Protein chains: 4
Amino acid sequence: MEFNKNKSIYLQIVDFINEKILTGEFPEGAKIMSVREMAGMIGVNPNTVMRSYTYLQEEDIIYLKRGIGVFVSIHASAKIKKNLKKAFLKNELPAIIKKMKMLNIDIDELNKLLNK
Amino acid sequence: MEFNKNKSIYLQIVDFINEKILTGEFPEGAKIMSVREMAGMIGVNPNTVMRSYTYLQEEDIIYLKRGIGVFVSIHASAKIKKNLKKAFLKNELPAIIKKMKMLNIDIDELNKLLNK
Amino acid sequence: MEFNKNKSIYLQIVDFINEKILTGEFPEGAKIMSVREMAGMIGVNPNTVMRSYTYLQEEDIIYLKRGIGVFVSIHASAKIKKNLKKAFLKNELPAIIKKMKMLNIDIDELNKLLNK
Amino acid sequence: MEFNKNKSIYLQIVDFINEKILTGEFPEGAKIMSVREMAGMIGVNPNTVMRSYTYLQEEDIIYLKRGIGVFVSIHASAKIKKNLKKAFLKNELPAIIKKMKMLNIDIDELNKLLNK
DNA sequence: GTGGTCTAGACCACC
DNA sequence: GTGGTCTAGACCACA
């Protein structure tokens, strides 16, 4: 797996897992890859994966069972969408708007860009 | 001045100055605040401001005259717009599109959000 | 059965059985559930129940007869009370006192809380 | 510094810092020991201290400033008391009550024990 | 086998 | 100097 240099790896793993859950590749309630499996697959230290898993557990998106494995929470998908939407509206949208105004990009031009 | 934790302070100062130039608050050709003045005003270490100024000088947006002061370049405004547009199209737009798809936000909903 | 995350499951099973014995639900001398029955009932791996039983046997609270079953020891109830009291006075009470001081909870307030 | 074997070190460091804040030894708003200083002082790996600090930052009790240091939050003391009280009422008090009933310890006896 | 913690040591961006 | 991330490797309790 390839990582973006500007974002910490463990957060990119978080994004990766969130995506898998949203696409249904990791279904809610299901057991997913163990720390070591995931680490081996994406070529990263198990500690780093553990950090991602711990983060996701604090967000109630997965839960870890000692000696058993890692499971997707029941309402994980809705939770992820909620989190992403909240972050999008609060952090990213204002920045987009500000930048568009500064660059004199109007909604029509944005529409064209989006359709490409 | 308040800073976003996820972005380095010196880059946020760069954004801050870019904005002042685009809005005309720092007109092209004019002398702007010294490193020390700026540092005092926004409550930051002078070294950090120096780093922002150095960065902006490398981008030809300002220039420093030793012993005299800091000045906005003649074509600063156009240069900034060019840089921002390039970054917007290359880095931010793809991420926006991806996120909008994941969250099922279409162009109409975005339009509504933008108008608020 | 639900388990507290901060304590190991086998010890929670130990507590569970101790309680049954103290309340008389598992009378002294009587045969109690086998490892497999217990495991099925509370939804846990039989190995884990076995660990609890082994622990309780070492404490002379139950004894296992190979091929026959698991039995509550004759003086189990007294033994349990003695163990719990010892642990309570030695480990828990000092922590309670310290925490109450830090939280400015005095004996009167505790009394009120206990009566609820 | 000595650590209890039954609790993870990083959580014991959390307790340690909470206490220092409650007693005023680490005043609100003040800069406290850096990760490395703390690690050296208590004889623990810096990563472990970092874990404690990160935990406390998520609880809004301290905040970390990159390149500058670690600071106690403004309302840290109240926050800590709130957290401890909540945990005490929710987790510990019910267990105490249950255990006291099982051991036939009444409030008078507890009072005597507390006064020792 | 699993999660969970800890150490040792390194590198980076930032102030 | 500071925080922040990552690796490598180890040990433990638990299932």
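Bear in mind that the values here come from a model prediction, so they are computed numbers and not experimental data. Naming convention: chains lettered A, B, ... in sequence-line order (proteins, then strands); numbering from 1 in each chain.
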Query raised in the report: Which ranges of DNA chain F pair up as stems, where a stem means three or more consecutive Watson-Crick or G-U pairs with both distances under 3.5 Å?
Result: E:1-14 with F:1-14
Report summary line: Contacts of C:Lys79 meeting salt bridge (Lys or Arg N to Asp or Glu O under 4.0 Å) (sequence neighbours excluded), chain-then-number -> none
Query raised in the report: Which residue pairs satisfy the salt bridge (charged side-chain N to carboxylate O under 4.0 Å, His left out) criterion with at least one member in residues 17-31 of chain A, sequence neighbours excluded?
Result: A:Glu19-B:Lys98, A:Lys20-A:Glu25
**Report entry** Interatomic distance where CD1 belongs to C:Ile13 and C1' belongs to F:dA15 [whole Å]
**Finding:** 10 Å
Query raised in the report: Among side-chain atoms of B:Gln12 and B:Asn4, is any donor-acceptor pair under 3.5 angstrom?
Result: no
Requested in this report: Just jot down the salt bridge (Lys or Arg N to Asp or Glu O under 4.0 Å) partners of B:Lys7, sequence neighbours excluded, or say none.
Outcome: B:Asp15
Query raised in the report: Can you give one letter per nucleotide of nucleotides 3-10 of chain F, going 5' to 3': B for a protein heavy atom under 4.0 Å from the base, S for sugar-phosphate only, - for none?
Result: BSBBBBB-
Query - Side chains of D:Ile13 and D:Val44 in contact at under 4.5 Å (non-hydrogen atoms) - result: yes
Query raised in the report: Does any pair with a residue in residues 40-70 of chain A pass ring-ring contact (aromatic ring centres under 6.0 Å, His included), and if so which ones, sequence neighbours excluded?
Result: A:Tyr63-A:Phe71
Query raised in the report: Taking side chain as C-beta onward, heavy atoms only, is B:Ser8 less than 4.5 Å from B:Leu11?
Result: yes
Query raised in the report: Does some side-chain heavy atom of D:Leu22 sit less than 4.5 Å from a side-chain heavy atom of D:Leu84?
Result: yes
